[in-house]
Amino acid sequence: MKAMDQSEAPLLDALHDHHLSHRYGFTPPGHRQGRGVDERVLRVLGRDPFRSDVLANGGLDDRRSRGGYLKRAEDLMAEAVGAEVAWFSTCGSSLSVKAAMMAVAGGDGSLLLSRDSHKSVVAGLIFSGVVPRWITPRWDAERHLSHPPSPEQVEEAWQRYPDAAGALVVSPSPYGTCADLERIAEICHARGKPLIVDEAWGAHLPFHEDLPTWAMNAGADVCVVSVHKMGAGFEQLSGVRF
């Protein structure tokens, strides 16, 4: 398959064309690209943030997405990081983490989970009914921080809970430490179980060889990344990769 042109910016180009066309939409947002914004707000923020606040569908693209701008951008991201599929999402990674949990474990399954998981995991447990099988992170007394679970801990958890639907590991941790994802993925796959990685703080990992191996290269089945944390995305921009 021919490599894609990674210099393309489909959504940015579509937004540029939208500005040139001076179109007036009848869809949200209600500020009408700044026309309805209080002058005091405009003095502080300027008009450009509002001019660029346009729906992807029913705004930049038509309601049937026939321009394919969003899909093209997601395909470019997937190729850039070596994933089969990439989806952009909002609300940070919280929404994507919940979706991944429900996709893997359904409404009556269980998941191996690290105790240092983000609160979105706890919310996902409440929403979905998934049963947590907790793994305690490794406490580093010298540095006064915790590390993600080791492969040995994951193996032990599988021995105790062989019927769990899959495992979810946070890496990098909130302290910036990373798990041995390659070995953890091997352990999960040896049992025919998927590995979800909450890599919210690892958007930069695929792009430099001296950084720790990112989840997809390590063999994870689902990887959730907050592009707004360590990448160049606007606030609360996230993505999920398969």
Heavy-atom distance under 4.5 Å between the side chains of [X] and [Y], does that happen here?
X    : Y    : answer
H147 : W139 : no
L181 : T213 : no
R138 : S146 : no
M102 : V130 : no
S110 : Y161 : no

[X] side, atom [atom1]; [Y] side, atom [atom2] - distance, nearest 0.5 Å:
X    : Y    : atom1 : atom2 : result
I126 : K98  : CD1   : NZ    : 9.5 Å
W87  : L70  : CH2   : CG    : 12.0 Å
R143 : L145 : CZ    : CG    : 7.0 Å
R63  : L55  : CZ    : CG    : 8.5 Å
R32  : D53  : CZ    : CG    : 10.5 Å
D13  : H18  : CG    : NE2   : 14.5 Å

Here the pair of heavy atoms bringing G67 nearest to D61 is N-OD1, 2.9 Å
Minimum heavy-atom distance L60-V54, with the two atoms named:
N-CG1, 3.6 Å
Pairwise side-chain hydrogen bond (donor to acceptor under 3.5 Å, both in side chains) hits with a residue in residues 164-179, at least two apart
S173-T177
Considering the options D163, L112, L113, L111, which one meets the side chain to side chain contact (heavy atoms under 4.5 Å, CB included) requirement together with R133?
L112
Can you spot which of V121, V224, V222 makes a side chain to side chain contact (heavy atoms under 4.5 Å, CB included) with M101?
V121
Spell out, yes or no, whether I135 and L125 are grouped together once hydrophobic residues are joined by side-chain heavy atoms under 4.5 Å, including indirect joins.
no
With a 3.5 Å cut-off and sequence neighbours excluded, list the donor-acceptor pairs that the side chains of residues 150-160 form with protein atoms.
from, atom 1, to, atom 2, distance (Å)
S150, OG, E152, N, 3.4
S150, OG, E152, OE1, 3.4
S150, OG, Q153, N, 3.1
E152, OE2, R183, NH1, 3.4
E152, OE2, R183, NH2, 2.8
Q153, OE1, S150, N, 2.9
Q153, NE2, T136, O, 2.7
E155, OE2, Q159, NE2, 3.2
E155, OE2, R191, NH2, 3.0

Sequence-distant partners of [X], salt bridge (Lys or Arg N to Asp or Glu O under 4.0 Å), two or more places apart:
X   : value
R66 : D62
E8  : R72
D17 : none
D38 : R40

Run the side-chain contact (heavy atoms from CB on, under 4.5 Å) test on S117 and V170 for me, step by step, so that the C-alpha distance in whole Å, both residues' side-chain angles and the decisive distance to 0.1 Å come before the verdict.
CA-CA 6 Å; S117 295; V170 179; 4.0 Å; yes
Using side-chain hydrogen bond (donor to acceptor under 3.5 Å, both in side chains) as the criterion, list what pairs up with [X], not counting sequence neighbours.
X    : value
S120 : H118
R115 : none
D180 : none
S65  : N57

Mind checking ring pair (Phe, Tyr, Trp, His ring centres under 6.0 Å) for H31 and listing every partner two or more places apart, or none if nothing turns up?
F50
For H16, is the NE2 atom crowded, meaning more than 12 foreign heavy atoms sit under 6.0 Å from it?
no
Scan the side chains in residues 41-48 for donor-acceptor partners under 3.5 Å anywhere in the protein, sequence neighbours excluded, and list what turns up.
from, atom 1, to, atom 2, distance (Å)
R47, NH1, G34, O, 2.9
D48, OD1, R51, NH1, 3.4

